[in-house]
Each structure stands twice: as structure tokens, then as C-alpha cells.
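The structure appears below as C-alpha cells.
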Amino acid sequence: MIAALRLLAIWAVFFLVCLAALLWTAAHGYVSSGVLASSGQAILAAEGRDSFGAVATAYPPLPYLLSLGTALVGDASQLPALTAAALAGGLFAVVVASSLGSAGIGRVTTAIITLLLVVNPLFLRALADGPGLVLLVTSVFMFAAGFIGLRADGTASNVMTLAFALALMAFSHPYGIALALAALPLLALASAPQLIERTPGSLYLSLLFPLGFAFLAFAYVGQVFADAPWAFLGTLAAPFDPYALPQTPGQAALRMIGGLVLCAPVLIFATVRAGRNPALFVPMIALLSLPILGFALSGLLGARFDPTVALAPVLGLAAAFTIFASGNSRRMMRTSLFLAAGLVGSVFWLADNPTADTAAWRDAALGRSEAASTPLGQLAGFLASRSEILVDTNAYPELVALRGTGAGLVVPGSTRFELDLLAARLQTRFVAVRDPAADIVVRDRINQAFPRLFRNGARDYGLVYHFEGWRVYERLVRDARRPEPEPQPAG
């Protein structure tokens, strides 16, 4: 009971730390697109405007469900994914602190190590990306701890931890699929050779069954509700915002190695310390290759992740390596110093990061910027007091989050939305449409049904809003004494 209360206190403290960091950057103008998208999806589901099929097939499901639970319990209009990210940050701190305590590390040292990990700028940047990336860091920590522990003692608890972490990894964040696939060949090094020789089949079945079952179950749900069993795998190959990223896997691997050394030097320290112990050294070497292989594999599959997103999981490795680098008080002091050095190194890494999104977060974290309206924010303000608006919120869930509610929107999955697009007849009072040339991928169903709507408008509709690639058309009021012709699609 006392131990449970202690863990609850740790979670509460670090939840508040994470929430304060998120509110600070939000107050200075930075809320990531991931947080806005997750919040918009959660708001629609909490208000009952999303179909059950959309809820059941949402990927990745874990951060989505966490955001949805936050929206149901609290005020859905206040960006539930922001609170969900803080909840996930507190969970990471609890899992790390619990593992450090189980390894016999003192409470003060445990608190210092956990604090150094949570206030690392790389972790704070991951936190700002939303709950999914924080859950991914947590899953990588669990995977690494189980990986090293299985090689060291071969207990069933480590097998269970490793298997659960693989499934958690794949369903926390799209990048987790690449990491889980990259981890599969490394599993051969996760157990002692004699154990593999005796029972190779049962060992790998135990490790891979949760991941395989989760994949097949999610595919089945996708087949039942969307007739697309493997659609969720497309999230890995979906293009993200462009940034200055080396194109070849070799260059990407070199960049990841540099970031790993700079942001988590404790990994190198712990690996060198374990050089005389093959039971620790071999799995540590294998784990060091995981973020490099995962990033290279995601590039080969067509994904374009922010390098900061790809590097964030090394903090999970750093936390796991810290446990196995523990020993006397002098060694723990050195470990803490290397964690502190990683904190400083992360500052330099983020300063050199080429992405505009990370640069915006950095400016907000340093208090250099103020909240400013975005094109979607301007549109949300225009639509705030209006109703009966046809808009594809599956393509732009951020609009719902910025508006604070889905009330007044005619959204995908609703009977009216589907019938309007099926019959190619606009009947709502307003229709909001995005310039198809402004997006990397045309995914707006309204644009697909009415390809000339943005440019030419529609019959009996007039343009009432035009700003930064967005247009809103309003149905014209006609003389009630004259029959009103049926609306036709543009073109």
C-alpha cells in the first residue's frame, strides 16, 4: 500500500511538471499538429459525432484512447491530447522510478535520475508532440529493460515484459511500427544461447504472439468496419511535413549515431562498463543499433519523420541502460553526470535541428514567441458561431480542436455528409474546402467529390471566406415564391 502511494505521488509530481511544460509552450504559441489532430478526433468521439467504426479503427489506438478518456472526463474543448501527453509523461516517470527502485537504487538517486530524464529537452520536445511519442519512449524503455534482463537471467517476467513492449511499441506511434520491425532480428540476441538451443520455437512464440495477435486483431477490426484490414500500415509511409533530411539510409544512420552520442552519452558509458560481461555487453550493443535501424527502415518504407521524433526513443534506452550500469555510489554519480551531459547535448542537438516545427517549439520553450493565429485558427474563428457546415474533419481534425467543439459541423460518417457526397449534391448551408494544390496529399473527400469546388464554387453558393488556401461557400438565400433548383456539383 505504501509503495503504491509512493508511485502515485511520483506520477502526480511528474504529471504536473509535464503539464507545466506543455502549458508554457502553448502560452507562447506552440501546439503541435499532432496534439491538435488527436484533440480534434477525441472531441468528435466524446461528443458522439464520430461513428463507432471510426473509433474502433483509429490508429495509433493507444494515444487516441488516452485522449478520448481525457475528453470524456474533463473539458473536451481544452485540447484533451495536451493533458493526455502529460498523463503519459507521468506514466513514463513512474515506470522508470519503479524499475530503478526494484534494482536497489536509493530513493534520492532514483528521483535525480528520473528528473534528469524528464527535463531533458529531447523528452520535452517529444512531450509536445503528443501522448503517442511519450508512450513510444516508455515502450522502448520496457523493451530494452526486458531485452537486457532476459539475456542476464532468462526469467519469464522478462519474456513477458519484452513481448508486451513490442506490441505497445507498434500501437503507440506510427514510427513504432518501424522500430518493432527493426527489433525482430535483434530478438536472436535477447536470450542466452543455451536457452535458444533448447526451446527456440516456444521462446519466439512467446515473444511474438502478443504483437502478432494485436496486428491480426486490428486488421480484423479494419476489415469489419472499413473493408481495409491493413490501412493502418499506410500511416508509416504517409509523407510528413518536408524538412532538410539526408535522403540516403547511410546519411540518416550517421545523423542518428551523432544524435545518440550527443543526447544520450550514458549509453556509451554503460556499454563500455559492461564490456567484460557478455550477458550485458551483447544485448546493449544490439539495442544501440535499434534507433539507427528503425530510422533507416522508416526511410526505406517512404516515411519522413522529424529526426527529433526518431531520436526520442533513445531516452528510453538511456533509462534502461542506467539500471544495468548501477553499482556503487561512485558509479551512480558518474551515471548521473552522463545523464546531465545528455541534457546539455540535447540543447545543442535541438539548436541544430533543421525542421521548422522543432524550431517553433524551441522558440516557444525559450519564451521568444507569442501565440499567433494560424490559417486553420482563422478559419476556426470564422466558423465558431456558424452551423450546418460541411467539412472533412477526417482530413483536418485540427479544425475541430481549434474550434473547441464539433457542434454545427456535418462530418464524415454522418448520414448527411455521406448522402451529399454520394449524390454529388451540396445541401448544407456552408461548405469549407481546402485548396487541393496546398496539400502534399489530396485526402479531402469533399475535394474528391467536387474537384472544381475550391476554384469555381458551386451553383447557388457564394464565397464568404477566403484566406491562406481555405474557402467557405454559403448557400444563397432565394426568393421563397420561386422554386429552387437542385444544387449541382461544380464544373
Side-chain angles (χ1 to χ4, degrees), residues 9-40 42-43 63 66-67 70-71 73-94 96 111-112 114-138 173 241 263 306-309 311-312 315 339-340 342-353 355-374 376-377 380 398 401-402 404:
I10 292 172
W11 173 84
V13 169
F14 283 99
F15 164 73
L16 293 175
V17 170
C18 294
L19 186 61
L22 290 169
L23 293 177
W24 171 266
T25 53
H28 288 82
Y30 180 83
V31 179
S32 71
S33 58
V35 166
L36 289 175
S38 296
S39 295
I43 290 171
L66 185 58
S67 299
T70 304
V73 173
D75 184 359
S77 65
Q78 300 300 315
L79 297 179
L82 207 66
T83 306
L87 291 171
L91 175 64
F92 171 74
V94 166
V96 171
I112 293 173
T114 307
L115 183 63
L116 287 172
L117 289 167
V118 171
V119 300
N120 187 301
L122 188 61
F123 183 82
L124 297 178
R125 173 65 183 89
L127 194 69
D129 197 71
L133 191 53
V134 181
L135 290 175
L136 178 61
V137 174
T138 306
H173 192 277
D241 292 337
C263 299
D306 186 324
T308 306
V309 171
L311 188 62
L315 293 178
L339 287 173
L343 189 153
V344 176
S346 295
V347 173
F348 289 100
W349 165 267
L350 292 171
D352 186 54
N353 192 281
T355 67
D357 198 43
T358 296
W361 174 84
R362 185 179 62 239
D363 290 342
L366 295 175
R368 295 175 181 171
S369 58
E370 297 296 334
S373 184
T374 62
L376 264 178
E398 302 92 339
L402 291 167

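Note that the coordinates shown come from a computational prediction; the quantities given were computed from them, not determined experimentally.
- Of all heavy-atom pairs between V118 and C18, the closest is CG1-SG, 4.1 Å.
- With values rounded to the nearest 0.5 angstrom, D357 atom CG is found 6.0 Å from S33 atom OG.
- With rounding to the nearest 0.5 angstrom, the CH2 atom of W349 is 5.0 Å from the CG atom of L311.
- In terms of heavy atoms, P80 sits closest to A42 at CG-CB, 4.0 Å.
- Taking the side chain as every heavy atom from C-beta outward, T374 and E398 never approach each other to under 4.5 Å.
- Nearest heavy atoms, T70 versus L87: OG1-CD1, 3.7 Å.
- Closest non-hydrogen pair, L22 versus A85, comes out as CD1-CB, 3.9 Å.
- To the nearest 0.5 Å, the span separating OG1 on T138 from CG on L133 amounts to 9.5 Å.
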Hey, mind stepping through V94 and F14 against side-chain contact (heavy atoms from CB on, under 4.5 Å) and telling me if it holds?
CA-CA 8 Å; V94 166; F14 283 99; over 6 Å; no
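- Ring geometry, W11 versus F15: the interplanar angle falls under 30°, so the pair is classed parallel (tilted spans 30 to 60°).
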Take T25 and W361 through the side-chain contact (heavy atoms from CB on, under 4.5 Å) test and state the conclusion after the steps.
CA-CA 7 Å; T25 53; W361 174 84; 3.8 Å; yes
Assess the residue pair F123 and V134 against the criterion (side-chain contact (heavy atoms from CB on, under 4.5 Å)); give the C-alpha distance rounded to whole Å, side-chain angles, the decisive distance to 0.1 Å, and a yes or no.
CA-CA 8 Å; F123 183 82; V134 181; 4.0 Å; yes
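- Judged by distance alone, the side chain of W24 and the main-chain N or O of L366 form no donor-acceptor pair under 3.5 Å.
- Taking the side chain as every heavy atom from C-beta outward, I112 and L116 approach each other to under 4.5 Å.
- Across all their heavy atoms, T358 and R125 have their closest contact at OG1-NE, 3.2 Å.
- The distance from the CG atom of L350 to the SG atom of C263 is 6.5 Å, given to the nearest 0.5 Å.
- For the pair T114 (side chain) and A93 (backbone), a donor-acceptor distance under 3.5 Å is absent.
- Contact check for L135 versus L91: side-chain heavy atoms found under the 4.5 Å cut-off.
- Taken from CG in L82 to CG in L23, the straight-line distance is 6.0 Å, to the nearest 0.5 Å.
- Side chain of S32 to backbone of A128: a donor-acceptor contact under 3.5 angstrom is found.
- Here the shortest heavy-atom pairing between L127 and G89 reads CD1-CA, 4.2 Å.
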